[in-house]
Asker: 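Below is one structure. I have some questions about it.
Just so you know, these numbers come straight off a predicted model, no measurement behind them. FYI, side chains are in, hydrogens and waters are out, and symmetry mates aren't considered; it's all heavy atoms of this structure.
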Amino acid sequence: MQLYIWRHPKPKQVQGLCFGQSEVAVDRRKIKRLANQIDSYTKKYQLPKQIYVSPLQRSKQVGLYLQQLGFDCQIDEWLMETHFGDWEGKPWSQISKDEIDKWCDDFAQFAPVGGESLTQLFERVRAWLKTRKVEATEPKAPILAVGHAGWITTAKMVCAGKEVPSQAKDWPRPVGYCQLSVLEF
């Protein structure tokens, strides 16, 4: 199966901010632009007009606009970005060096208080991909989604058969805003 997943548009005023599952604002024009880009792409490649989106507004709003263009939009909590717990919404500069060091020293298992570890994110992504395979009405039907950088990076690693990285230096660069990734799973 193929997963066509776009990263949400760039949020406003988030420079230096830790915002995994925090709600952040996105310019409505950028939301509309990405939705139109997805609509054009699906027409060009004759893909189904069904899309999964995260409930976080930077993803969900794209899906709601696509609904106006005739898409079936499914809001799915399993597509949410990593939850950074107590770090959510804080500037990275206000997160203690000790906490960042703990994260880097145990990259796969560490989670900020109330947050999610990278291992938990990998499990969530694997479960979502497996569910999409099981629920597919056609075995090779493509799946479309709008998601988040951490989720997409994890999905790329899962689809490539890679394990959870144990060191931060092994985490790949994130995909760009509004960028499409096509994954085989």
Side-chain angles (χ1 to χ4, degrees), residues 1-9 19-23 34-35 37-39 41-42 44-67 71-85 88 103 106-112 115-185:
M1 293 183 85
Q2 286 187 319
L3 170 61
Y4 294 78
I5 186 164
W6 287 263
R7 184 178 178 192
H8 61 78
F19 65 96
Q21 290 188 14
S22 297
E23 288 291 7
L34 178 56
Q37 177 186 332
I38 293 168
D39 185 47
Y41 191 90
T42 58
K44 181 177 180 179
Y45 295 100
Q46 299 177 0
L47 297 171
K49 290 185 99 173
Q50 178 178 11
I51 196 154
Y52 292 89
V53 297
S54 154
L56 297 171
Q57 293 301 311
R58 55 195 185 266
S59 174
K60 180 181 175 181
Q61 291 299 319
V62 176
L64 295 177
Y65 189 83
L66 284 166
Q67 274 186 326
F71 277 71
D72 174 27
C73 176
Q74 302 292 317
I75 299 168
D76 192 331
E77 290 187 3
W78 289 71
L79 283 169
M80 291 176 77
E81 182 60 285
T82 305
H83 194 297
F84 285 105
E88 286 285 342
W103 184 28
D106 191 10
F107 195 61
Q109 299 300 327
F110 177 84
E116 175 178 43
S117 72
L118 191 55
T119 298
Q120 290 170 312
L121 177 61
F122 265 70
E123 289 168 1
R124 181 161 51 93
V125 170
R126 282 188 188 108
W128 190 87
L129 293 170
K130 183 178 179 182
T131 301
R132 296 291 75 76
K133 246 183 177 176
V134 169
E135 290 179 352
T137 53
E138 293 179 42
K140 298 204 179 220
I143 296 169
L144 283 65
V146 177
H148 306 275
W151 198 100
I152 295 168
T153 301
T154 301
K156 285 180 163 188
M157 295 179 80
V158 167
C159 291
K162 295 182 180 179
E163 294 300 316
V164 182
S166 60
Q167 298 182 346
K169 70 177 182 66
D170 295 328
W171 186 251
R173 292 184 61 92
V175 298
Y177 291 106
C178 300
Q179 183 177 331
L180 169 64
S181 298
V182 181
L183 309 176
E184 289 281 342
F185 70 99

Asker: Just by modelled atom types, is the Gly150 backbone N or O under 3.5 Å from a matching donor or acceptor in the Thr153 side chain?
Answerer: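 Checking the backbone N and O of Gly150 against the side chain of Thr153, no donor-acceptor pair under 3.5 Å is found.
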Asker: List the atom of Pro112, the atom of Glu116, and the distance in Å for their closest heavy-atom pair.
Answerer: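 Scanning both residues, the minimum pair turns out to be CD-O, 4.5 Å.
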Asker: Scan residues 174-183 for pairs that pass side-chain hydrogen bond (donor to acceptor under 3.5 Å, both in side chains), counting only residues two or more places apart or in two chains.
Answerer: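 Sorted pair list: Arg7-Tyr177.
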Asker: Between Gln74 and Asp72, which heavy-atom pair has the shortest distance, and what is it?
Answerer: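 Smallest heavy-atom distance, with atoms named: NE2-OD1, 3.0 Å.
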Asker: To check you understand the geometry: which heavy-atom pair defines the closest contact between Arg58 and Glu81, and what is its length?
Answerer: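 Residues Arg58 and Glu81, closest heavy atoms: NH2-CB, 4.1 Å.
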Asker: In chain order, what residues pass the ring-ring contact (aromatic ring centres under 6.0 Å, His included) check against Tyr52, with sequence neighbours excluded?
Answerer: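 Trp128.
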Asker: Quick one: does any side-chain atom of Gln21 pair with a main-chain N or O of Met80 as donor and acceptor, under 3.5 Å?
Answerer: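 Not a single qualifying donor-acceptor pair exists.
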Asker: Nearest 0.5 Å please: distance from the CZ atom of Phe71 over to the OG1 atom of Thr42.
Answerer: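 The OG1 atom of Thr42 is 3.5 Å from CZ of Phe71, to the nearest 0.5 Å.
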Asker: Look only at the side chain of Ser59 and the backbone of Val146, and say whether a donor-acceptor pair between them is shorter than 3.5 Å.
Answerer: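 Flag set: sc Ser59 to bb Val146 pair under 3.5 Å.
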Asker: Is a side-chain N or O of Glu88 found less than 3.5 angstrom from the main chain of His83, in a donor-acceptor match?
Answerer: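 No, because the side chain of Glu88 does not come within donor-acceptor range (under 3.5 Å) of the backbone of His83.
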Asker: Considering all heavy atoms of both residues, which atom of Leu79 and which atom of Ala145 are nearest to each other, and what is their separation?
Answerer: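 What the structure gives for the nearest pair is CD1-CB, 4.4 Å.
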Asker: Rounded to the nearest 0.5 Å, what separates atom OG1 in Thr154 from atom CH2 in Trp171?
Answerer: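 Answer rounded to 0.5 Å: 3.5 Å.
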Asker: What pair of heavy atoms forms the shortest contact from Phe185 to Arg132, and how long is it?
Answerer: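 Where Phe185 meets Arg132 most closely, the heavy atoms are CZ-CB, 4.2 Å.
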Asker: Keeping Gln109 on the side-chain end and Asp106 on the backbone end, is there a donor-acceptor pair under 3.5 Å?
Answerer: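 No, Gln109 side chain to Asp106 backbone: no donor-acceptor pair under 3.5 Å.
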Asker: Between CG of Leu129 and CD1 of Ile143, what distance do you get to the nearest 0.5 Å?
Answerer: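 Here the interatomic distance stands at 8.0 Å.
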Asker: At what distance, to the nearest 0.5 angstrom, does OG1 of Thr119 lie from CZ of Phe107?
Answerer: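 Answer rounded to 0.5 Å: 10.0 Å.
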Asker: Between Val175 and Lys156, is there a side-chain heavy-atom distance shorter than 4.5 Å?
Answerer: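 They are in contact (side-chain heavy atoms under 4.5 Å apart), so the answer is yes.
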Asker: Not counting sequence neighbours, which residues clear side-chain contact (heavy atoms from CB on, under 4.5 Å) with Leu180? List them please.
Answerer: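 Only Tyr4, Trp6, Tyr41, Val182 meet the side-chain contact (heavy atoms from CB on, under 4.5 Å) criterion with Leu180.
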Asker: How many angstroms lie between NE2 in His148 and CG in Leu121, if you round to the nearest 0.5 Å?
Answerer: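 Those atoms lie 11.0 Å apart.
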Asker: Which atom names give the shortest non-hydrogen contact between Val164 and Ala108, and what distance separates them?
Answerer: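 Result for this residue pair: CG1-CB, 3.5 Å.
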Asker: Roughly how far, to the nearest 0.5 Å, is the OG1 atom of Thr131 from the CG atom of Asp76?
Answerer: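 The distance works out to 8.5 Å.
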Asker: In the structure I gave you, are the side-chain heavy atoms of Met157 and Pro165 within less than 4.5 Å of one another anywhere?
Answerer: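 In short, these two side chains touch, coming nearer than 4.5 Å.
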Asker: Could you give me the CA-CA distance, side-chain angles and deciding distance for Cys178 and Leu34, then say whether side chain to side chain contact (heavy atoms under 4.5 Å, CB included) is met?
Answerer: CA-CA 6 Å; Cys178 300; Leu34 178 56; 4.0 Å; yes
Asker: Can you tell me if CD on Gln67 sees more than 12 non-hydrogen neighbours from other groups inside 6.0 Å?
Answerer: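 Counting neighbours around CD of Gln67, more than 12 heavy atoms of other residues, nucleotides or ligands fall under 6.0 Å, so yes.
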